[in-house]
Colleague: 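For reference, the structure I am asking about is given below.
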Amino acid sequence: MDPLSGFIGSLIWWILVFYLLMGPQLQYRQLQIARAKLLEKLAKKRNSTVITMIHRQESIGFFGIPVYKFISIEDSEEILRAIRMAPKDKPIDLIIHTPGGLVLAATQIAKALKDHPAETRVIVPHYAMSGGTLIALAADKIIMDPHAVLGPVDPQLGQYPAPSIIRAVEQKGAEKVDDQTLILADVAKKAINQVQEFVYNLLKDKYGEEKARELAQILTEGRWTHDYPITVEHAKELGLHVETDVPEEVYALMELYKQPLKQRGTVEFMPYPVKQQGKD
């Protein structure tokens, strides 16, 4: 083999190694840049500070291992920092896409959002369940896609809903359950009371004390399963103030949070071909 052929072969090999090792990171960096540009455009359009909390399954790195995300303490730290740095006289738009997460973290975010002096708006393009709903309740406006959903905010103790633990003890009788279950029931009551009181304090200024108490009870008492979807229509029936004018840029932003590249998509579609005027 002549030296030139050997050099070209070696170069191709190193390019392949570089692509395999750095390709996913470079792609992720490109996504970050595209997101930043879109967020800047949305912020200028709405004259607001735009913050996102979008939990989707992503894969980063050579092996493409999927990472599942939920509301965490790290999220609350970042969002509190963003709210603290936001101009006090400018609105905040918080875009949420989440299955929920830590009550502590969601509570911190909700409190910080409520305390912002200017108008706050939570935008839900697809879903904001559990802790995501808790945060949405703190905003001056909840803006949802017509088919987006919220969810109940009843506390969960491990794998069990707190209201179900209490009902199980009530139905069986305290004398027929073990000490551990009685302790769980005691903690469950406290957890429900704590979340209920917090929701009430979030809502009383906007809805009045009586309506705030009613909504706080409905959303925490366990009348539905924890993953029950509260649609726009149902939210309005409950008395929540919900709007549906989600900015188009939010949908474009969601396209930049892709699922892992190594997984085959389960949904595909072809846009309807629209004929241009004057052409066949």
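Worth knowing before you read on, the calculation uses all heavy atoms, side chains too, and leaves out hydrogens, waters and symmetry mates. Residue numbers start at 1 and run along the sequence shown.
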Colleague: List for me each residue that meets side-chain contact (heavy atoms from CB on, under 4.5 Å) alongside Thr133, sequence neighbours excluded, and say none if there are none.
Modeller: Leu137, Leu150, Val153
Colleague: Does the side chain of Ile230 reach to within under 4.5 Å of the side chain of Val149, using non-hydrogen atoms?
Modeller: no
Colleague: Side chain to side chain contact (heavy atoms under 4.5 Å, CB included) for Asn193 and Glu197? Distances and angles first, verdict last.
Modeller: CA-CA 6 Å; Asn193 290 337; Glu197 190 66 21; over 6 Å; no
Colleague: I'd like to check the side-chain contact (heavy atoms from CB on, under 4.5 Å) partners of Ile73; sequence neighbours left out, ordered by chain and number.
Modeller: Ser76, Glu77, Leu102, Leu104, Ala105, Gln108
Colleague: Looking only at heavy atoms, what is the nearest atom pair of Pro146 and Val232, with distance?
Modeller: O-CG2, 3.7 Å
Colleague: Output a table of donor-acceptor pairs, distance under 3.5 Å, between side-chain atoms of residues 240-252 and any protein atom two or more places apart or on a different chain; print 'none' if there are none.
Modeller:
residue : atom : partner : partner atom : Å
Glu249  : OE1  : Lys45   : NZ           : 3.1
Glu249  : OE2  : Lys45   : NZ           : 3.2
Tyr251  : OH   : Asp145  : OD1          : 2.5

Colleague: Output the distance between atom CZ (Arg213) and atom NZ (Lys204), rounded to the nearest 0.5 Å.
Modeller: 8.0 Å
Colleague: Any side-chain to backbone donor/acceptor pair from Asp140 onto Thr120? Under 3.5 Å, distance only.
Modeller: yes
Colleague: Applying ring pair (Phe, Tyr, Trp, His ring centres under 6.0 Å), can you list everything that pairs with His97, at least two apart in sequence or on another chain?
Modeller: His126, Tyr127
Colleague: How about NZ on Lys44, more than 12 heavy atoms from neighbouring residues, nucleotides or ligands closer than 6.0 Å, or not?
Modeller: no
Colleague: Among Ile71, Val124, Ile135, Ile54, find the one that has a side chain to side chain contact (heavy atoms under 4.5 Å, CB included) with Thr98.
Modeller: Ile71
Colleague: Considering all heavy atoms of both residues, which atom of Arg46 and which atom of Ile143 are nearest to each other, and what is their separation?
Modeller: NH2-CD1, 3.8 Å
Colleague: Could you give me the CA-CA distance, side-chain angles and deciding distance for Gln217 and Tyr200, then say whether side chain to side chain contact (heavy atoms under 4.5 Å, CB included) is met?
Modeller: CA-CA 9 Å; Gln217 180 176 348; Tyr200 164 74; over 6 Å; no
Colleague: Taking side chain as C-beta onward, heavy atoms only, is Glu233 less than 4.5 Å from Lys236?
Modeller: no
Colleague: Just verifying a value: how many Å separate Asp154 CG and Thr225 OG1, rounded to the nearest 0.5 Å?
Modeller: 8.5 Å
Colleague: Find out if a path of hydrophobic residues (ILVMFWY) with successive side-chain heavy-atom gaps under 4.5 Å connects Val103 to Leu184.
Modeller: no
Colleague: When rounded to the nearest 0.5 angstrom, what distance separates CG in Asp75 from CD1 in Ile109?
Modeller: 6.0 Å
Colleague: Give a yes or no on whether Lys189 atom NZ has more than 12 heavy-atom contacts from other residues, nucleotides or ligands under 6.0 Å away.
Modeller: no
Colleague: Should Ile96 and Ile142 be counted in the same cluster of Ile, Leu, Val, Met, Phe, Trp and Tyr side chains packed under 4.5 Å apart?
Modeller: yes
Colleague: Heavy-atom count check: over 12 atoms from other residues, nucleotides or ligands less than 6.0 Å from His234 NE2?
Modeller: yes
Colleague: Heavy atoms only: give me the nearest Lys111-Phe198 pair and the separation to one decimal.
Modeller: N-CZ, 4.2 Å
Colleague: Could you check Asp93, Leu39, Leu94, Leu42 and say which one makes a side chain to side chain contact (heavy atoms under 4.5 Å, CB included) with Thr52?
Modeller: Leu39
Colleague: Tell me every residue that passes side-chain contact (heavy atoms from CB on, under 4.5 Å) with Asp186, counting only those two or more places apart in sequence or in another chain.
Modeller: Lys190
Colleague: Could you grab the distance from atom CG of Leu38 to atom CG of Leu253, nearest 0.5 Å is fine?
Modeller: 5.0 Å
Colleague: Is Glu214 salt-bridged to Lys211, going by a charged N under 4.0 Å from an acidic O?
Modeller: yes
Colleague: Should Trp224 and Ile192 be counted in the same cluster of Ile, Leu, Val, Met, Phe, Trp and Tyr side chains packed under 4.5 Å apart?
Modeller: no
Colleague: Out of curiosity, does Met144 fall in the hydrophobic cluster containing Val122 (side-chain heavy atoms, cut-off under 4.5 Å, transitive links)?
Modeller: yes
Colleague: Which heavy-atom pair separates Ser130 from Pro99 by the least distance, and what is that distance?
Modeller: CB-O, 4.0 Å
Colleague: Could you check if a side-chain atom of Lys37 sits within less than 4.5 angstrom of a side-chain atom of Lys41, using non-hydrogen atoms only?
Modeller: no
Colleague: In Å and rounded to the nearest 0.5 Å, what is the CG to CD1 distance from Leu113 to Ile79?
Modeller: 9.0 Å
Colleague: Indicate every side-chain donor-acceptor pair of residues 159-175 with a distance under 3.5 Å to a residue at least two apart or in another chain.
Modeller:
residue : atom : partner : partner atom : Å
Arg167  : NH1  : Gly222  : O            : 3.1
Arg167  : NH2  : Glu221  : O            : 2.8

Colleague: Return yes if some donor-acceptor pair links the side-chain N/O of Arg35 with the main-chain N/O of Leu256 below 3.5 Å, else return no.
Modeller: yes
Colleague: What are the two closest non-hydrogen atoms of Pro87 and His116, and how far apart are they?
Modeller: O-CE1, 3.3 Å
Colleague: Treating Ile, Leu, Val, Met, Phe, Trp and Tyr as nodes and any side-chain heavy-atom pair under 4.5 angstrom as an edge, say whether Phe70 and Leu134 lie in one connected cluster.
Modeller: no
Colleague: Take Ser48 and Arg121 through the test side chain to side chain contact (heavy atoms under 4.5 Å, CB included) and record every step on the way to the result.
Modeller: CA-CA 10 Å; Ser48 66; Arg121 304 175 291 238; 3.6 Å; yes
Colleague: Working to the nearest 0.5 angstrom, can you tell me the gap between Asp115 CG and Ile83 CD1?
Modeller: 9.0 Å
Colleague: Looking only at non-hydrogen atoms, find the nearest pair between Ile92 and Ala86 and report the distance.
Modeller: CD1-CB, 4.1 Å
